[in-house]
Participant: 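Below is the structure I would like to discuss, written out as structure tokens.
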Amino acid sequence: MVSGRTGQRVSRRDVAKAAGVSLTTVTHALNSPPGVRMKSVTKELVRETAKRLGYRPSYVGRALVTGKTATIGLLQPEFTAVTSLFYQRMIQELARSMEADDYHLLLLFDTPEKRYKKVISRGQVDGLIVLRSRTDTKLAEEIPELDIPTLTVNFSLRDSSIPSVHSDNRNMIRNVIDEMSEAGCRSILAIHDYREAFANREIFEEFAVATGKLADKGIVGSTIIPSRNFREQVRNLWKSEQRWDGIFIDCESFVSQFIEETVNAGITPGKDFHFITSLCLENYTSIHEYENCIYVQQPLLVGEKAWKQMKILLNKGKCNKEEVVPYLRIAGAKIKK
């Protein structure tokens, strides 16, 4: 739609003239900046006039007026991160939530050249969301220097002031231990690699604390790191004749292998010992009928909460230092006989 001036786009000045108000009033009525009050009748008049004339906002002009780009940078650890279904689910809901507020994502990557810093220094984004699984002490030093609203997702920089949104890994493993304890388990084994990923490290730390608090009840906890040849490791585990009455496995990539080798050894998970696993995605295809229960992360909810927290930061509010999202508990199927 164009104005009466042939071939020219309807401008805010055209709207102001037609509505009989100032250009500033039109700007405030259409953009609603924080802290600016305006009579609802005036705002409605301006918006109705703009609609009648076919006014379409110029995002370049809007950025110049408001100082906002309506864009948030999403910093991922490397280019291959975009292939992660778990990340995709978080980004899916993050982007959907942002779009409702007329905000959009700009994908950035933490390459050795650190080119994402140029994007930030040029003012191309209003905020930064850092998505990754591993903690990075160097990143903890770099992010505060950016001087931009920043949020970490799926991990936390505990020694910094940067807020985070991630799964409630600690409460999940406490629930696992409590459930096994109530089921009569006294010797509990956790199989997971806690050396690199933030979630696994939290699970490992809380597992030690939770089992330690139950030591007076005779409960003993132990941990095994999966080896490169995990199948052989499981076979040797059962050959050692060491037994546990409760076993927890984190990470779906190990679950199928563990169940197959355990059944081949003549031992039935969920029957000969209480068996609980945790997964990244609720629709993972290898959920077996051997688990007594399964704990699943909720990446969609993480994405939704991430935008809620970022909006608080953009409005210069104070959000929670750590916003956690509970795991979804799924009861296991009937155990094979």
Side-chain angles (χ1 to χ4, degrees), residues 1-74 90-106 119-129 146-153 161-165 300-323 325:
M1 175 73 72
V2 295
S3 69
R5 296 169 294 171
T6 305
Q8 292 187 359
R9 188 184 185 92
V10 174
S11 68
R12 288 182 293 115
R13 194 175 300 279
D14 294 325
V15 175
K17 183 177 180 180
V21 298
S22 69
L23 181 59
T24 300
T25 298
V26 171
T27 299
H28 290 171
L30 297 179
N31 293 326
S32 299
V36 174
R37 294 183 178 181
M38 180 179 295
K39 292 180 179 180
S40 58
V41 64
T42 302
K43 182 182 293 186
E44 187 62 26
L45 169 64
V46 171
R47 292 185 174 183
E48 283 295 328
T49 303
K51 184 178 180 180
R52 176 170 54 82
L53 294 179
Y55 169 77
R56 295 177 182 176
S58 165
Y59 283 95
V60 174
R62 180 178 177 182
L64 291 173
V65 172
T66 65
K68 298 293 181 71
T69 66
T71 303
I72 300 295
L74 179 68
M90 280 187 279
I91 296 171
Q92 170 190 336
E93 191 59 26
L94 171 62
R96 190 201 65 77
S97 300
M98 291 174 63
E99 188 177 44
D101 291 312
D102 291 327
Y103 258 89
H104 301 278
L105 283 173
L106 175 64
V119 174
I120 295 171
S121 65
R122 292 168 181 163
Q124 292 177 254
V125 293
D126 298 335
L128 183 68
I129 293 177
L146 302 176
D147 192 27
I148 188 174
T150 303
L151 180 73
T152 65
V153 175
S161 60
I162 305 297
S164 67
V165 179
L300 293 177
L301 191 53
V302 171
E304 178 185 331
K305 283 185 174 290
W307 177 237
K308 288 181 179 179
Q309 294 298 95
M310 176 52 74
K311 281 201 296 184
I312 295 174
L313 294 176
L314 292 173
N315 291 320
K316 303 187 183 303
K318 186 175 181 180
C319 64
N320 296 331
K321 173 65 173 70
E322 203 166 16
E323 185 76 13
V325 175

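Residue numbers count from 1 along this sequence.
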Participant: So which heavy atom on K321 is nearest to which on I162, and how close?
Facilitator: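 What the structure gives for the nearest pair is NZ-O, 3.3 Å.
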Participant: Can you list everything that forms a side-chain hydrogen bond (donor to acceptor under 3.5 Å, both in side chains) with E322? Sequence neighbours excluded, please.
Facilitator: R158, H166
Participant: Looking at I148 and D126, what are the two nearest heavy atoms and their distance?
Facilitator: CG1-O, 3.6 Å
Participant: I312 and K318: side-chain contact (heavy atoms from CB on, under 4.5 Å), yes or no, with the steps?
Facilitator: CA-CA 7 Å; I312 295 174; K318 186 175 181 180; 5.7 Å; no
Participant: Quick one: side chain to side chain contact (heavy atoms under 4.5 Å, CB included) partners of Q92, sequence neighbours excluded?
Facilitator: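 Listed in chain order: R89, L300.
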Participant: Got a second to check how far T49's OG1 is from E44's CD, nearest 0.5 Å?
Facilitator: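 CD of E44 is found 9.5 Å from OG1 of T49.
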Participant: For the residue pair R52 and A18, what are the closest heavy atoms and their distance?
Facilitator: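 That closest heavy-atom pairing would be NH2-CB, 4.3 Å.
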Participant: Before you tell me yes or no, could you show the steps for I72 and L314 under side-chain contact (heavy atoms from CB on, under 4.5 Å), namely the whole-Å CA-CA distance, both residues' side-chain angles and the distance that decides it to 0.1 Å?
Facilitator: CA-CA 10 Å; I72 300 295; L314 292 173; 4.0 Å; yes
Participant: Would you say that E93 contacts L301 through its side chain, given a criterion of any heavy-atom pair below 4.5 Å between the two side chains?
Facilitator: no
Participant: Any chance you could lay out the side-chain contact (heavy atoms from CB on, under 4.5 Å) test for L74 and L128, step after step, and finish with the verdict?
Facilitator: CA-CA 6 Å; L74 179 68; L128 183 68; over 6 Å; no
Participant: List the atom of L94, the atom of A306, and the distance in Å for their closest heavy-atom pair.
Facilitator: CD1-CB, 4.3 Å
Participant: Please identify each residue that fulfils side chain to side chain contact (heavy atoms under 4.5 Å, CB included) with S22, with sequence neighbours left out.
Facilitator: T24, T25
Participant: For M310, run the side-chain contact (heavy atoms from CB on, under 4.5 Å) check against C319, P149, P163 and tell me which one passes.
Facilitator: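 When side-chain contact (heavy atoms from CB on, under 4.5 Å) is applied between M310 and each of C319, P149, P163, only P149 qualifies.
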Participant: Hey, what do you get for CG (L105) to CD1 (I129), rounding to the nearest 0.5 Å?
Facilitator: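 Nearest 0.5 Å value for the CG-CD1 distance: 6.5 Å.
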Participant: Using side-chain heavy atoms (C-beta onward) and a distance below 4.5 Å, is N320 in contact with V165?
Facilitator: no
Participant: Going by the salt bridge (Lys or Arg N to Asp or Glu O under 4.0 Å) test, which pairs reach into residues 305-315, not counting sequence neighbours?
Facilitator: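 Checked against salt bridge (Lys or Arg N to Asp or Glu O under 4.0 Å) - neighbours excluded - the pairs reaching residues 305-315 are D101-K311, E304-K308, K305-E323.
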Participant: Could I get the full list of side chain to side chain contact (heavy atoms under 4.5 Å, CB included) partners for K39, not counting sequence neighbours?
Facilitator: V41, T42
Participant: Just to verify, what does T71 make a side chain to side chain contact (heavy atoms under 4.5 Å, CB included) with, not counting sequence neighbours?
Facilitator: T69, L106, V125
Participant: Tell me every residue that passes side-chain hydrogen bond (donor to acceptor under 3.5 Å, both in side chains) with R13, counting only those two or more places apart in sequence or in another chain.
Facilitator: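 Once residues adjacent in sequence are excluded, R13 has no partner under the side-chain hydrogen bond (donor to acceptor under 3.5 Å, both in side chains) criterion.
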Participant: Hey, are K51 and E48 close enough for a salt bridge, meaning a charged N less than 4.0 Å from a carboxylate O?
Facilitator: no
